[in-house]
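Notes follow once the structure below has been shown.
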Amino acid sequence: WKAYVDFVNNIIVDGLATVVVMSMDFVVQNTDAKIISSKGRVPMLEIEMDLKASKVVFSPDLGHTEKNSGLRDIVDSWIEEFYKIAMLFKRLDTNSGTYVKELQNNMSIQGAIADINDILDTNDQSCKEFKQTYENYSYLFTTDLQSTFKAFLEEVGTEVQPGHIEYDIERFDEEITRYRQVQQDIGELKSQVDIGWVRVNPQPIKQALGTWASKWSFMFTQFLVDDVLGKLQKLFNFIESATIGLEQPVVATNKESLM
């Protein structure tokens with residue numbers, strides 16, 4: 001009788017393992033980039049790329065997170081759900097327990113899990129390579145604007161007379177053109193990219209980087225505007241002061257009025 005129970009028990013384990021393997025094969029079919037491309041399938045999940053705490057990040061994260069909200073956490077939850085089929089049957093060889101342990105030790109299931117992890121690792125690498133495109137613009141938000149601009153002014157400014165500094169306008173034009181071109185390049189980046197089983201929406205990071213590029217451009221243009229207005233105001237004050245002096249009556253015997 002025990003031999004018969006073990007025989008039937010193994011049939012049940014094999015059947016449950018087949019179901020789990022088929023479920024995992026579904027995951028493989030919908031996460032493998034080559035299969036998705038060949039069959040014209042769309043990505044299963046969509047994530048965003050954003051700028052948080054001066055870092056370019058995916059939301060949700062590609063891996064595991066403390067809140068179990070990462071893509072790996074999501075896939076792990078799918079696998080855990082597949083194992084729950086083992087709880088639908090009572091064990092024949094004991095009065096209690098499930099077949100979960102047998103499924104976890106099943107070589108076919110372990111092989112399927114390994115295949116899924118390999119696919120995820122490859123896709124994660126592709127996502128990181130795509131993220132590098134945006135990390136190349138990290139200088140926009142990691143470089144201190146004020147200290148950099150101060151050093152720039154010292155380099156391009158010449159004090160022609162006490163209190164009067166002339167700036168190299170061509171250098172300003174180069175910097176303004178540069179950051180406006182950066183802003184344009186960022187705007188031309190794709191707003192949606194499919195990478196294997198993941199659709200990446202980089203619109204948030206595009207907006208953040210565009211804003212930073214605009215800040216750099218504005219810093220240079222606004223300084224020129226303020227500088228010109230300041231010099232014009234000084235000129236106006238001088239003309240106004242001179243005009244008042246010229247309007248005063250001149251007395252031949254008053255040496256001060258003649259000065």
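This is a predicted model, so every value here is computed, not measured.
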Next on the checklist: Any heavy-atom pair between the side chains of Ile186 and Tyr134 that's under 4.5 Å?
Outcome noted: no
Checklist entry - What is the minimum heavy-atom distance between Ile205 and Pro202, and which atoms define it? => result CG2-O, 2.9 Å
Checklist entry - Would you say the side chain of Leu153 lies within less than 4.5 Å of the side chain of Phe172, judging by non-hydrogen atoms? => result yes
Item to check | Co-membership, hydrophobic cluster, residues Val21 and Phe26, 4.5 Å side-chain | outcome: no
Checklist entry - Any side-chain heavy atom of Arg72 within less than 4.5 Å of one from Leu62? => result no
Next on the checklist: If hydrophobic clusters are built by linking Ile, Leu, Val, Met, Phe, Trp and Tyr wherever their side-chain heavy atoms come under 4.5 Å apart, do Leu88 and Met22 end up in the same one?
Outcome noted: no
Next on the checklist: Taking Leu145's backbone N and O only, do any of them form a donor-acceptor pair with Thr148's side chain (distance below 3.5 Å, no angle check)?
Outcome noted: no
Next on the checklist: More than 12 heavy atoms of other residues, nucleotides or ligands under 6.0 Å from CE of Met87: yes or no?
Outcome noted: yes
Checklist entry - Rounded to the nearest 0.5 Å, how far does NZ of Lys101 lie from CD of Gln104? => result 9.0 Å
Checklist entry - Ignoring hydrogens and geometry, is there a side-chain-to-backbone donor-acceptor pair from Ser214 to Gly210 under 3.5 Å? => result no
Checklist entry - Do the side chains of Val75 and Ile195 join up, straight or via other hydrophobic residues, at under 4.5 Å, putting them in one cluster? => result yes
Checklist entry - What pairs with Asp32 under salt bridge (Lys or Arg N to Asp or Glu O under 4.0 Å), at least two apart in sequence or on another chain? => result none
Next on the checklist: Can you confirm whether the side chains of Ser191 and Gln203 place a donor and an acceptor under 3.5 Å from each other?
Outcome noted: yes
Checklist entry - How far apart are the closest heavy atoms of Val13 and Leu103, and which atoms are they? => result O-CD2, 4.0 Å
Checklist entry - Would a hydrophobic clustering, with Ile, Leu, Val, Met, Phe, Trp and Tyr connected at side-chain separations under 4.5 Å, put Tyr167 with Val160? => result no
Next on the checklist: Other residues, nucleotides and ligands only: do more than 12 of their heavy atoms fall within 6.0 Å of CD on Glu129?
Outcome noted: yes
Checklist entry - Which is it for Met44 and Ile36 under the side chain to side chain contact (heavy atoms under 4.5 Å, CB included) test, yes or no, and what are the steps along the way? => result CA-CA 10 Å; Met44 296 180 68; Ile36 293 173; over 6 Å; no
Item to check | Donor-acceptor under 3.5 Å (Thr31 side chain, Val27 main chain) | outcome: yes
Checklist entry - Considering residues, nucleotides and ligands other than Tyr139, do more than 12 of their heavy atoms fall under 6.0 Å from its OH? => result yes
Item to check | Connected via hydrophobic side-chain network under 4.5 Å: Phe152 and Ile169 | outcome: yes
Checklist outcome for this item: Here the pair of heavy atoms bringing Thr142 nearest to Ser138 is OG1-O, 2.8 Å
Next on the checklist: Do Arg199 and Val193 have side chains that approach each other closer than 4.5 Å (heavy atoms only, starting at C-beta)?
Outcome noted: no
Next on the checklist: Main chain of Gly70, side chain of Asp73: is a donor-acceptor contact present, judged purely on distance under 3.5 Å?
Outcome noted: yes
Next on the checklist: Any heavy-atom pair between the side chains of Asn30 and Trp197 that's under 4.5 Å?
Outcome noted: no
Next on the checklist: Taking the side chain as everything from C-beta on, heavy atoms only, tell me whether Gln183 gets closer than 4.5 Å to Trp212.
Outcome noted: no
Next on the checklist: Testing the 3.5 Å rule here: is there a donor-acceptor pair between the side chains of Glu102 and Asn106?
Outcome noted: no
Item to check | Test log, rule side chain to side chain contact (heavy atoms under 4.5 Å, CB included), inputs Leu45 and Ile74 | outcome: CA-CA 10 Å; Leu45 297 178; Ile74 294 174; 4.1 Å; yes
Next on the checklist: Checking the side chain of Asn123 only, and the main-chain atoms of Ile119 only, is there a donor and an acceptor separated by less than 3.5 Å?
Outcome noted: no
Checklist entry - Which heavy-atom pair separates Val56 from Leu51 by the least distance, and what is that distance? => result N-CD1, 4.1 Å
Checklist entry - Considering all heavy atoms of both residues, which atom of Val200 and which atom of Met49 are nearest to each other, and what is their separation? => result CG1-CE, 4.0 Å
Checklist entry - Counting distance only, does the side-chain N/O of Ser37 pair as donor-acceptor with the main-chain N or O of Lys34 below 3.5 Å? => result no
Item to check | For Asp227, all residues meeting salt bridge (Lys or Arg N to Asp or Glu O under 4.0 Å), sequence neighbours excluded | outcome: Lys231
Checklist entry - What do the steps show when you test Phe220 against Phe149 for ring pair (Phe, Tyr, Trp, His ring centres under 6.0 Å), and what is the final call? => result CA-CA 8 Å; Phe220 287 93; Phe149 190 63; 5.1 Å; yes
Checklist entry - To the nearest 0.5 Å, how far apart are OG in Ser108 and CD1 in Ile113? => result 11.0 Å
Checklist entry - Can you tell me if Arg180 uses its side chain to pair, donor with acceptor, with the backbone of Ala213 under 3.5 Å? => result no
Checklist entry - Ignoring hydrogens and geometry, is there a side-chain-to-backbone donor-acceptor pair from Asn136 to Gln132 under 3.5 Å? => result yes
Item to check | Pair Glu135 + Lys55: basic N to acidic O under 4.0 Å | outcome: no
Next on the checklist: Pair Leu224, Ile176 - check side chain to side chain contact (heavy atoms under 4.5 Å, CB included), show working.
Outcome noted: CA-CA 11 Å; Leu224 289 179; Ile176 293 171; 4.2 Å; yes
Checklist entry - Donor-acceptor pair, Thr133 side chain versus Phe130 backbone, under 3.5 Å? => result yes
Next on the checklist: Nearest 0.5 Å, please: how far is CG in Asn68 from OG in Ser77?
Outcome noted: 9.0 Å
Checklist outcome for this item: For Asn105 and Gln110 the tightest heavy-atom approach is CA-NE2, 3.5 Å
Checklist entry - Does a donor on one side chain sit under 3.5 Å from an acceptor on the other, for Thr65 and Ser69? => result yes
Checklist entry - Taking Trp216 for the side chain and Leu140 for the main chain, is one N or O donor matched with an acceptor at less than 3.5 Å? => result yes
Checklist entry - Does the ring centre of Tyr179 sit less than 6.0 Å away from the ring centre of Phe218? => result no
Next on the checklist: Determine whether Ile116 and Met24 satisfy the following criterion, side chain to side chain contact (heavy atoms under 4.5 Å, CB included), listing intermediate values before the conclusion.
Outcome noted: CA-CA 8 Å; Ile116 292 174; Met24 292 191 179; 4.0 Å; yes
Next on the checklist: Any non-hydrogen side-chain atom of Thr158 less than 4.5 Å from a side-chain atom of Ile165?
Outcome noted: no
Item to check | Spacing of Glu175 atom CD and Asp173 atom CG [to the nearest 0.5 Å] | outcome: 10.0 Å
Checklist entry - Side chains of Glu48 and Phe58: closer than 4.5 Å at any heavy-atom pair? => result no
Checklist entry - Just checking, is any N or O donor in the side chain of Asp121 or Gln125 under 3.5 Å from an acceptor N or O on the other one? => result no
